[in-house]
Amino acid sequence: MNLRAKKSKVRRKTKKNEKSLALYVGFYSFIIVCLIGTVFVATLYFDGQCEKINKQISINDQNSYRLEREIQNLKIKLENHSRKEYIVAKIKQYNLGLHTPEPFQVVHLNTSEIDYGNDVRKLAYNLR
């Protein structure tokens, strides 16, 4: 009988060890599953953010292209409206009565020799 009692005590200790070992394995496997799940969710979140940023970049590129086209069209329009023929047609359309000056009425200035210097600076400071 003594032998049986000793065997049963050993068995009980082994069963307790098995239960505690199962608890440790279960706990650590739960921790590992939680970590893997967290990594998976974080990956999905960051992929979503990347998609959102890529869409915004695409929209900004489209807006930039549209604005560049508009700038080019405005430059062409400015060039067309700056032409002499267009200006003369508008003068006639609104009956402004303007005409080109006679050659003796035109005075050519050589702006490279003129120094505006202090006079313009004084005038600018007095306007403030």
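Basis for what follows: all heavy atoms, side chains included, without hydrogens, waters or symmetry-related copies. Numbering starts at 1 and runs along the sequence shown.
- The backbone N or O of Asn60 sits nowhere less than 3.5 Å from a side-chain atom of Ser64 that would complete a donor-acceptor pair.
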Quiz item: After noting the C-alpha distance and the side-chain angles of Asn73 and Lys77, does the key distance pass the side-chain contact (heavy atoms from CB on, under 4.5 Å) rule?
Solution: CA-CA 6 Å; Asn73 289 336; Lys77 191 175 183 181; over 6 Å; no
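- Glu79 CD: 12 or fewer foreign heavy atoms inside a 6.0 Å radius.
- Linking ILVMFWY side-chain heavy atoms closer than 4.5 Å, directly or via other members, places Leu96 and Ile87 in a single hydrophobic cluster.
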Practice problem: Apply side-chain contact (heavy atoms from CB on, under 4.5 Å) to the pair Asn80 and Arg83, showing each step before the final yes or no. | Solution: CA-CA 6 Å; Asn80 287 336; Arg83 290 185 12 236; 3.6 Å; yes
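- Across Ile91 and Gly97, no two heavy atoms sit closer than the pair CG2-N, 4.5 Å.
- Residues Tyr94 and Leu98 are members of one and the same hydrophobic cluster, defined by side-chain heavy-atom contacts under 4.5 angstrom among Ile, Leu, Val, Met, Phe, Trp and Tyr.
- Heavy atoms of other residues, nucleotides or ligands lying less than 6.0 angstrom from NE2 of His81 number more than 12.
- Each of Gln62, Glu68, Arg69 was checked for a side chain to side chain donor-acceptor pair (under 3.5 Å) with Tyr65, and the lone residue meeting it is Arg69.
- Taking NZ from Lys52 and CZ from Phe46, the interatomic distance works out to 13.0 Å, rounded to the nearest 0.5 Å.
- For residues 24-51, the set of pairs meeting the side chain to side chain donor-acceptor pair (under 3.5 Å) definition, not counting sequence neighbours, is empty.
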